[in-house]
Every structure is written in C-alpha cells, then in structure tokens.
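Below is one structure; the comments refer to it alone.
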2 protein chains.
Amino acid sequence: MSADNTCSAVPRCQLGISLREVGMELCCRCIQTESRRIGRHIEKVEIIPGNSHCEESEIIATLKKTGQVVCLYAEAPWVKKVIERMMSRRR
Amino acid sequence: MSADNTCSAVPRCQLGISLREVGMELCCRCIQTESRRIGRHIEKVEIIPGNSHCEESEIIATLKKTGQVVCLYAEAPWVKKVIERMMSRRR
C-alpha cells in the first residue's frame, strides 16, 4: 500500500474529526478501495450501509499488526467470501 | 432493550478501556446477543473474527438514533441477511 495507492478511510470532506470520534459520519469515508486480496491480514471490518451522508455502502477493514484502515469494494467476490468466513470463524 | 436484557458490547473482562480505545481487544466484547430482528434499526456493524482473545466471531451493531451497541448472533439467518443487504445497499 504505497502512498499513491492509499486505501485509507480518510473522509472525503474534512468535517470535524471530533464528530467522527463520537460516531457521526458526515460524508463518505472511502476514497478508493483495495483491489488486492488482503483477507488474511484483516483483523476486523466495519460495514456502513448507504445513508444520507454517503450513498454507497462502505466496508472498512482494520489490518492486523499495523492497525491500518483500508476500504474494500463490497461487490468484489473475494470481499464477500472474507466477510462470510469472518462471520463463521471460530478460532 | 430493558436493563435485564441488555445486549451491550461491554467486555467480559475489565481490562483497560484505554486499550479498547486504541483498538486492542483483550477479551470477548459480547455478553449476550440480541434475538429480535432489529435489522432496520442498525446504522453499522463491526465484525470481529475469532482470535486469541475471543474464540468466537463477534458481530457488534450500532443502532441508529441512540447509538446503542448490541451484539448479534452470527449464525442467525436474519443476521446473515441483514449483513448481505447492508453490503449491497445503495441509498
């Protein structure tokens, strides 16, 4: 994930980090999505359905070790499989 | 959701709120799961697969309006449908 291919969950608009911290999203968080199959590096995912602030669903993954947040493309078959596996996985 | 039926995402063990805030979970967050079909009240969900701190996958939903967090049972068919719908939903 180089600097020119950052799939970070930085908000498109720059309205209040403090509002984000209290759980209010005022815009889309994803700028671009990760195309590589990074399933095994994912610690957890957050799914935010389309709403009045962002019309498309957003899937935001937090990576193991680094804690980096990356956005995933909800329609990608590998993303759907990763989520299914995460839901059923027992350690 | 009455007081005696709270499906909150309070950690079972009480290790460091500060650690939780930096994204480190040291134990399971779910005590019990919500049995009612509350799909339309969900603002977003977080999916945490089983790991060394908590062997079962946890699905933690944040509710619209109240911001309350409730745990969902990953194996419930309605929960799987809600997640699928959230992933595909455009506003």
Side-chain angles (χ1 to χ4, degrees), chain A residues 9 11 18-30 33 38-91, chain B residues 9 11 17 19-30 33 38-91:
Chain A
S18 58
L19 285 173
R20 280 189 59 195
E21 285 170 353
V22 296
M24 292 174 67
E25 301 298 338
L26 298 179
C27 53
C28 294
R29 289 174 66 183
C30 294
T33 55
I38 54 164
R40 67 198 177 92
H41 299 294
I42 295 174
E43 182 184 309
K44 63 180 180 177
V45 297
E46 187 175 29
I47 304 173
I48 307 166
N51 56 56
S52 57
H53 302 306
C54 181
E55 71 174 16
E56 281 189 63
S57 293
E58 297 187 293
I59 301 183
I60 300 171
T62 303
L63 304 191
K64 296 171 188 166
K65 295 179 185 169
T66 62
Q68 188 186 356
V69 286
V70 299
C71 292
L72 309 180
Y73 179 49
E75 298 300 315
W78 74 266
V79 172
K80 293 183 182 189
K81 274 181 202 155
V82 164
I83 304 248
E84 276 169 28
R85 209 184 317 131
M86 287 179 83
M87 287 179 69
S88 63
R89 196 192 305 169
R90 285 180 67 94
R91 185 168 181 265
Chain B
I17 287 294
L19 284 173
R20 280 189 60 195
E21 285 170 354
V22 296
M24 292 175 67
E25 301 298 338
L26 298 179
C27 53
C28 295
R29 290 173 66 184
C30 294
T33 54
I38 55 164
R40 67 198 176 92
H41 299 293
I42 295 174
E43 182 184 308
K44 63 180 181 180
V45 296
E46 188 176 28
I47 303 174
I48 307 167
N51 56 55
S52 58
H53 302 305
C54 181
E55 71 174 15
E56 281 190 62
S57 294
E58 297 188 290
I59 301 182
I60 301 172
T62 303
L63 304 190
K64 295 171 189 167
K65 295 179 186 170
T66 62
Q68 189 186 355
V69 286
V70 298
C71 291
L72 308 181
Y73 180 49
E75 298 299 317
W78 74 267
V79 172
K80 293 184 181 188
K81 275 182 201 154
V82 164
I83 303 242
E84 276 170 29
R85 209 184 318 132
M86 286 179 84
M87 287 179 69
S88 63
R89 196 193 305 169
R90 284 180 67 94
R91 188 169 177 259

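Keep in mind the model is a prediction, meaning the values are calculated, not measured.
- Atom CG of B/Asn51 and atom NZ of A/Lys44 lie 10.5 Å apart (nearest 0.5 Å).
- Between A/Ile47 and B/Met86, the closest heavy-atom pair is O-CE, 3.5 Å.
- Within the structure, every pair that satisfies the salt bridge (charged side-chain N to carboxylate O under 4.0 Å, His left out) test and touches residues 68-80 of chain A, not counting sequence neighbours, is listed here: A/Glu75-A/Lys80.
- Remark: A/Thr62 OG1 to B/Glu46 CD distance equals 7.0 Å, nearest 0.5 Å.
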